[in-house]
Amino acid sequence: MKIAILPGDGIGPEIVAEAVRVLRALELPLEMETAPVGGAAYEAHGHPLPESTLKLAQAADAVLFGAVGDWKYDRLERPLRPEQAILGLRKHLGLFANLRPAICYPQLTHASSLKPELVAGLDILIVRELTGDIYFGQPRGRRTAPDGAFAGAPEAFDTMRYSRPEIERIAHVAFQAARKRGKKVTSVDKANVLETFQFWKDVVTEVHVQYPDVQLEHMYVDNAAMQLVKAPKAFDVIVTGNMFGDILSDEAAMLTGSIGMLPSASLDANNKGLYEPSHGSAPDIAGKGVANPLATILSAAMMLRYSLAQPEAADRIERAVQAVLAAGLRTGDIWSEGTTRVGTREMGDAVVAAITGKTITKS
Ligand code: IPM
Ligand code: MG
């Protein structure tokens, strides 16, 4: 099993290093090869997604990705910015289905900014379409406004669009995921205003006919944003477009206490995938050894489950993470009174120890 390791920028290299150590501790026949991506690749090769990195990712069975981005690249022209690396990987690898679970671990209920009773036991799955929508729609750019009240003024524009097959395939992913969990899908749209999302709603409704055992509800995105903080446990699977999914998944992440805990999977039609923490590169804490590696470690578990057909190894990682939390170890982002504050490396050490059966000590 070949894994492309793309650590990226900011805290990326630190957290990915811990996930790699955890993978090694499983003693599976994994071949891991590392390549630069994002700002790191721009420094080394003059491009955020060099040909050699893309080739490695294409040849691998799965990709483990850290994070990209740093303020120091904000003034580069858009095609050279670090974010283009992850967008390019998604597009080139056809990773249209982004699964972002938001699970509130019992030990971290108090780390959420919501009341504990609202989030205790929370387990929702956001299925975000990842290769379409206003993120990739053409045409886009800057021009002189051709008409309207501001005709003749400089303007910028993007294009929101979805084709039927794109909506159908992501709807199938959502319904199939719901079948294995709470059997409910909430399709989030803005059909009251946008053509694109009236079409989205119609197509999702049609696909639903094939899943009579799954309940489907439709919700406008503004209401969904509100319901997520009002009664998040009412959701099971949320399916939505690229941009709404970007926003709602960050919101859902915060319900769980820390975005530092949340893994994600981005899958193609054959379950080949890219796995990355839901959080970003956090340049402010990069290199300090304080970042939480658990989202990346849990992303490695998702990789074993979805792309490498190693569900038992995935379980081992997830159980080890639970054990480490139960033992009271916390990085700064999830620390609270009465728990033990540890750094990135110590957290990785503890997960490795839990996997290899050694005891975890509290300090
Ligand atoms: C995410 C990120 C990316 C996105 C950025 C870095 C391009 O916010 O994965 O959610 O907008 O998709
Ligand atoms: Mg985002």
Side-chain angles (χ1 to χ4, degrees), residues 6-13 15-16 36-42 47-49 53-54 57 63-102 124-137 140 158-160 162 166 170 188 221 224-225 228 238-256 258-268 273-284 286 291-292 295-296 298-299 302-303:
L6 311 183
D9 307 321
I11 58 172
I15 54 180
V16 166
V37 75
Y42 174 76
H47 195 278
L49 182 57
T53 299
L54 180 59
V63 180
L64 185 65
F65 188 94
V68 290
D70 194 317
W71 305 300
K72 67 181 178 210
Y73 305 112
D74 278 358
R75 270 183 296 162
L76 288 177
E77 50 176 315
R78 187 170 301 280
L80 295 179
R81 288 197 206 157
E83 291 76 14
Q84 293 304 310
I86 185 65
L87 295 173
L89 281 164
R90 289 171 183 171
K91 200 67 183 175
H92 286 293
L93 300 181
L95 307 171
F96 70 90
N98 184 212
L99 311 184
R100 296 191 166 181
I124 62 187
L125 176 66
I126 299 198
V127 177
R128 169 189 176 194
E129 199 292 328
L130 205 54
T131 51
D133 202 354
I134 197 165
Y135 266 58
F136 292 96
R140 59 189 280 163
D158 298 274
T159 303
M160 178 178 275
Y162 264 122
E166 283 177 290
I170 196 71
V188 171
V221 63
L228 266 175
I238 293 176
V239 65
T240 190
N242 204 345
M243 186 160 69
F244 298 158
D246 177 46
I247 299 165
L248 294 182
S249 62
D250 266 28
E251 189 188 2
M254 273 328 286
L255 304 175
T256 70
S258 171
I259 199 167
M261 292 296 301
L262 297 181
S264 81
S266 305
L267 305 174
D268 75 0
L274 179 148
Y275 298 82
E276 58 173 324
S278 281
H279 60 73
S281 55
D284 53 325
N292 186 349
T296 316
L298 291 166
S299 298
M302 284 186 99
M303 174 174 80

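First listed ligand is number 1; within each ligand, the first listed atom is number 1.
- With contacts defined as side-chain heavy-atom distances shorter than 4.5 Å, the pair V188/I238 qualifies.
- Two residues are said to be in side-chain contact when any heavy atoms from C-beta on lie closer than 4.5 Å; T53 and L89 fail this criterion.
- Between G241 and Y162 the shortest heavy-atom distance is CA-OH, 3.5 Å.
- Protein neighbours of ligand 1 below 4.0 Å, counting non-hydrogen atoms: E83, R90, R100, R128, Y135, D246.
- The two residues L49 and H92 come nearest to each other via the heavy atoms CD2-CD2, 4.3 Å.
- A side-chain hydrogen bond (donor to acceptor under 3.5 Å, both in side chains) check over residues 239-252, counting only residues at least two apart or in different chains, returns the pairs R100-S249, R128-N242, Y135-D246.
- Around the Mg ion (ligand 2), the protein atoms of type N, O or S that sit closer than 2.8 Å are D246 OD1.
- Applying the salt bridge (Lys or Arg N to Asp or Glu O under 4.0 Å) rule to pairs touching residues 69-78 yields nothing, sequence neighbours excluded.
- Counting heavy atoms from C-beta outward, M261 and N292 have side chains that approach closer than 4.5 Å.
- In plain terms, the two heavy atoms of L99 and L267 that are nearest each other are CD1-CD1, 4.0 Å.
- For the side-chain contact (heavy atoms from CB on, under 4.5 Å) criterion with I170, the lone passing option out of T131, L130, V127 is V127.
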